[in-house]
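Written below as structure tokens is the structure these notes are about.
Here is the naming used below: chain letters follow the sequence lines, and residue numbers restart at 1 for every chain.
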Amino acid sequence: MSKTKPSLPRGTRDFGPKVMSKRSFIIDIIRKNFIKYGFAQIETPAMENLSVLTGKYGDEGDQLLYKILNSGDFLSKTSKEDIEKGSRHLMTGISEKGLRYDLTVPFARYVVMNQNEITFPFKRFQIQPVWRADRPQKGRYREFYQCDADIVGSKGLWNEIELTLLFTDVFCDLKLEDYIIKINHRALLFSLAESTGLKEQIIPFCAEIDKIDKMGEDKVAENIKAMGANDRQINELLSLFHENNKEIILERLINIGVSKKVISAINSYFDALAVHSNKKIKVALDLSLARGLSYYTGMIFEVKPTSVSMGSIGGGGRYDDLTGVFGLKGISGVGISFGLDRIYDVMQELKLFPQKIAGRLDVLIVHFSEENLKHAYGIVSGLRDKGIKAELYPETAKIKKQFDYSDKIGVPYTLIVGDNEMASGRYMLRDMQTGDQKPLKMDEIIHRLKQNGER
RNA sequence: GUGGUUGUAGCUCAGUUGGUUAGAGCGCCGGAUUGUGGUUCCGGAGGUCGCCGGUUCGAGACCGGUCUUCCACCCCA
């Protein structure tokens with residue numbers, strides 16, 4: 001067999017122990033909060049049938065789907081004509097499965113397939129990787145984790161409020177403060193498009209105003225004009241974006257035809273959040289927020305870091321009829337998603353990871369001789385039985401080498417087992433940070449290590 | 001998918017208009033130090049210059065392709 005140079009597909013990564021402990025730090029906080037809010041965990045397969053995935057993410061989304069070649073002689077049922085018709089047509093004959101693109105659509109499929117067992121409202125969370133055949137950049141990967149929480153089968157506004165609080169709690173626990181939750185409502189966007197005379201071009205219209213931050217409003221105004229809006233309509237639109245007072249904005253939106261029901265929902269939403277004044281809720285109405293995913297129908301959310309150049313680190317919204325395409329009508333849902341990999345990148349850039357993320361060990365036992373080593377067998381087990389993460393240096397080696405190892409793995413304490421210790425029954429516990437060491441009895445050692453482990 | 005950009009030791013990078021045996025710092029290994037790590041000193045290992053092909057007497061350097069990195073579109077977590 002010829003030797004191959006090891007390599008990884010573009011946009012995918014290995015996670016070593018150091019990175020993994022930081023990723024786990026984030027995941028643990030997200031999971032803990034999901035559970036605190038009463039969500040139940042599920043998992044779905046990495047691959048789904050293409051019939052489930054295609055057509056749910058718009059044309060661009062479909063192109064970003066990873067498709068899996070059929071097994072066996074996948075060309076046997078194709079003809080020359082199929083090949084001549086192009087890869088798009090050919091694909092339908094040779095590929096029936098694809099890697100999931102997000103967690104929401106597989107969840108919708110799950111809900112429909114398990115509708116008889118599910119009690120609504122159903123709250124589920126899911127933390128799994130998704131795959132997109134995108135071109136990688138910073139903060140953009142081909143394999144990345146999403147952490148989703150959705151509530152289906154309930155139209156109550158409390159769900160939106162609760163998810164906003166969930167966003168807030170997670171970022172608070174992460175000590176990530178440089179972010180803003182932007183919210184908007186599809187109905188507002190729709191009315192804006194209508195009053196700008198672009199009712200029929202709602203999607204391109206949204207795509208344009210979504211770019212105001214990036215391209216500036218002059219350029220966007222120009223593009224909207226090219227779509228057919230007149231100067232008066234454009235000025236009207238821009239003046240709305242210039243308005244900072246939320247009440248005035250909402251009032252003007254009523255004037256352009258947004259239903260009072262939607263406006264009062266938005267008002268109730270902000271009022272309810274104001275009640276939770278003990279939390280620092282960083283939420284703002286942003287009329288330019290559009291979001292791409294085509295299935296949102298109500299309120300939409302996006303979490304943007306404010307001091308780091310990075311795309312959104314979370315998002316979500318309400319979808320009234322996601323399960324409809326799978327044959328289950330009338331199930332409304334709302335959900336949010338945390339982008340684990342981007343949260344990691346932001347926290348890394350802002351140096352927000354705690355200095356001491358729980359290490360893999362509480363204590364390492366070092367020794368001077370074969371006899372010491374054997375004597376220590378019982379000590380490690382004893383410590384482990386007490387719930388202490390303990391390791392025994394597994395072979396005789398120079399004590400210097402063993403301390404060197406302790407240093408590198410960053411263990412907070414070493415326990416020294418030598419002839420003196422064996423004779424006295426008191427073992428030398430060394431604090432690797434300060435260098436202080438003291439001969440202690442076993443129960444004192446356990447007490448000390450447990451205290452340190454809980455910190 | 002379109003356009004650009006990057007690649008030299010484990011890491012960060014030097015390497016003149018193409019010219020002997022490709023360098024540094026950090027890290028790594030060993031020793032100074034046979035019951036004590038982080039400092040210091042001494043010694044050592046480590047490179048098919050991303051990969052394939054071409055031009056040339058001669059390529060790390062030039063050309064083509066490919067993979068990878070990052071960036072701008074597109075889109076998005």
For [X] and [N], what is the distance between atoms [atom1] and [atom2] respectively, to the nearest whole Å?
X	N	atom1	atom2	answer
Lys438(A)	rU36(B)	NZ	C1'	18 Å
His367(A)	rU36(B)	NE2	P	16 Å
Asp210(A)	rC73(B)	CG	P	13 Å
Arg10(A)	rU5(B)	CZ	P	15 Å
Lys400(A)	rU40(B)	NZ	P	12 Å
Asp407(A)	rC29(B)	CG	P	12 Å
Ile203(A)	rC74(B)	CD1	P	16 Å
Asp404(A)	rG30(B)	CG	P	8 Å

Q.
I'd like to know if the side chain of Tyr37(A) reaches the main chain of Leu165(A), judged simply by a donor and an acceptor atom lying under 3.5 Å from each other, with no hydrogens or angles considered.
A.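 Confirmed, Tyr37(A) side chain pairs with Leu165(A) backbone.
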Among [options], the nucleotide that comes nearest once only the side chain of [X] is considered:
X	options	answer
Lys398(A)	rC70(B), rC76(B), rG31(B)	rG31(B)
Asn420(A)	rC74(B), rG35(B), rG38(B)	rG35(B)
Gln137(A)	rU36(B), rU68(B), rC73(B)	rC73(B)
Ile416(A)	rU36(B), rG31(B), rG1(B)	rU36(B)

When the [atom1] atoms of [N] and [M] are considered, how many whole Å apart are they?
N	M	atom1	result
rU68(B)	rU8(B)	P	16 Å
rG50(B)	rU39(B)	P	33 Å
rU17(B)	rG44(B)	P	34 Å
rC67(B)	rC73(B)	C1'	22 Å
rG10(B)	rA72(B)	C1'	33 Å
rC63(B)	rU6(B)	P	12 Å
rG1(B)	rG46(B)	C1'	42 Å
rA22(B)	rG65(B)	C1'	26 Å

Could you identify the nucleotide paired to [N], looking across every strand shown and requiring Watson-Crick or G-U wobble geometry with both distances under 3.5 Å?
N	result
rC26(B)	rG10(B)
rG58(B)	none
rG53(B)	rC63(B)

So what does [X] hit on the nucleic acid, given a heavy-atom distance under 4.0 Å: a base, only sugar-phosphate, or nothing?
X	result
Asp341(A)	nothing
Ile343(A)	nothing
Lys304(A)	nothing
Met432(A)	base
Gln437(A)	base
Tyr145(A)	nothing
Glu421(A)	base
Gly435(A)	base
Gln63(A)	nothing
Gln433(A)	base
Gly11(A)	sugar-phosphate

Determine whether Lys374(A) and Glu371(A) satisfy the following criterion, salt bridge (Lys or Arg N to Asp or Glu O under 4.0 Å), listing intermediate values before the conclusion. CA-CA 5 Å; Lys374(A) 281 182 179 152; Glu371(A) 197 193 348; over 6 Å; no
- Option among Phe39(A), Phe34(A), Phe338(A) that satisfies the ring-ring contact (aromatic ring centres under 6.0 Å, His included) test with Phe125(A):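 Among Phe39(A), Phe34(A), Phe338(A), the one that satisfies the ring-ring contact (aromatic ring centres under 6.0 Å, His included) with Phe125(A) is Phe34(A).
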Go nucleotide by nucleotide along RNA chain B from the 5' end; which of Ser337(A) and Ile399(A) gets its closest nucleotide reached first?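 Nearer the 5' end of the strand: Ile399(A).
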- Closest-nucleotide ordering on RNA chain B, the 5'-leading residue of Ala133(A) and Ile313(A):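 The answer here is Ala133(A).
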May I ask you to verify whether the side chain of [X] and the base of [N] hold a donor-acceptor pair under 3.5 Å?
X	N	result
Arg342(A)	rC76(B)	yes
Arg140(A)	rC75(B)	yes
Arg135(A)	rG3(B)	yes

Taking Lys438(A) first and then Glu444(A), would you say they form a salt bridge - that is, a charged N and a carboxylate O separated by under 4.0 Å?
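So Lys438(A) does not pair with Glu444(A) through a salt bridge.
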salt_bridge(Glu421(A), Arg426(A)) N-O dist < 4.0 Å: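 Looking at Arg426(A) together with Glu421(A), the answer is no, because their closest N to O distance does not fall below 4.0 Å.
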Q. Atom CG of Asp14(A) and atom CG of Leu8(A): how far apart are they, to the nearest 0.5 Å?
A.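 One gets 5.0 Å once the value is rounded to the nearest 0.5 Å.
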**OP:** Could you check Glu162(A) against Lys123(A) for salt bridge (Lys or Arg N to Asp or Glu O under 4.0 Å), going step by step and ending with a plain yes or no?
**Re:** CA-CA 12 Å; Glu162(A) 179 170 72; Lys123(A) 296 171 77 169; 3.1 Å; yes
Using the six-membered base ring of rA77(B), report whether Phe338(A) stacks on it, requiring centroids under 5.5 Å and planes under 30° apart.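 Stacking is absent between rA77(B) and Phe338(A), given that the ring centres and planes do not meet under 5.5 Å and under 30°.
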Less than 3.5 Å apart, any donor N or O on the side chain of Glu208(A) or Asn223(A) sitting next to an acceptor on the other?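 Note: Glu208(A) and Asn223(A) side chains meet the donor-acceptor criterion.
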So, is Lys408(A) near the phosphate of rC29(B), with a side-chain N or O under 4.0 Å from OP1 or OP2?
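For Lys408(A), the contact criterion (side-chain N or O under 4.0 Å from OP1 or OP2 of rC29(B)) is met.
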Worksheet item: Are Arg142(A) and Tyr66(A) side-chain neighbours, meaning at least one heavy-atom pair lies under 4.5 Å?
Response: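 When only atoms from C-beta onward are counted, Tyr66(A) and Arg142(A) do touch, with a gap below 4.5 Å.
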